[in-house]
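Beneath this line is the structure, given in structure tokens, with notes to follow.
Numbers here simply count residues along the sequence, with the first being 1.
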Amino acid sequence: MRKYIMYHCSPFIVAAVLCLIPIVFGIITITSRHGVSLLLFLPALLVFLYIDHVIKSWTKGNVNYVWAIEALTVCAILVTWRFAL
């Protein structure tokens, strides 16, 4: 079965890659200020990857369902995070 590029570039994978950027920057410049980013973004990265795997197995890899569920979830996380600050 052929997998589409949209299957591999789902919203949670994009969010996980965006979490990887501060992790790598925190590892490169280890100071007390940047070390906090490692503690904050590493669990988020793992959670995003795990939930992505669960959603893809739950929807049996249907790209439309994966994108709909993950896009709505990411939007809900961003809105909640925005109002929490």
- Item | Non-hydrogen side-chain atoms of Val24 and Ile21 separated by less than 4.5 Å |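 Not touching, per the 4.5 Å side-chain cut-off.
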
- Message: Do Tyr50 and Val54 make a side-chain contact, defined as non-hydrogen atoms from C-beta onward lying under 4.5 Å apart?
- Response: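 Side chain of Tyr50 against side chain of Val54, heavy atoms only: contact under 4.5 Å found.
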
- Item | Counterpart residues, side chain to side chain contact (heavy atoms under 4.5 Å, CB included), relative to Ile13 (two or more places apart) | Ser10, Leu49, Asp52, Lys56

State yes or no: do [X] and [Y] share one hydrophobic cluster built from I, L, V, M, F, W and Y residues joined by side-chain heavy-atom distances below 4.5 Å, directly or via other members?
{"X": "Leu18", "Y": "Leu20", "answer": "no"}
{"X": "Val17", "Y": "Met6", "answer": "no"}
{"X": "Ile77", "Y": "Ile55", "answer": "yes"}
{"X": "Tyr65", "Y": "Leu72", "answer": "no"}
{"X": "Trp58", "Y": "Phe48", "answer": "yes"}

Minimum heavy-atom separation for [X] and [Y], please, with both atom names.
{"X": "Cys19", "Y": "Phe41", "answer": "O-CB, 3.7 Å"}
{"X": "Thr73", "Y": "Ile69", "answer": "OG1-O, 2.7 Å"}
{"X": "Ala76", "Y": "Thr80", "answer": "O-OG1, 2.7 Å"}

- Message: With a 3.5 Å distance limit and no angle check, can you tell me whether Trp67 reaches the backbone of Pro11 through a side-chain donor-acceptor pair?
- Response: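 Side chain of Trp67 to backbone of Pro11, a donor-acceptor pair under 3.5 Å: no, none is there.
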
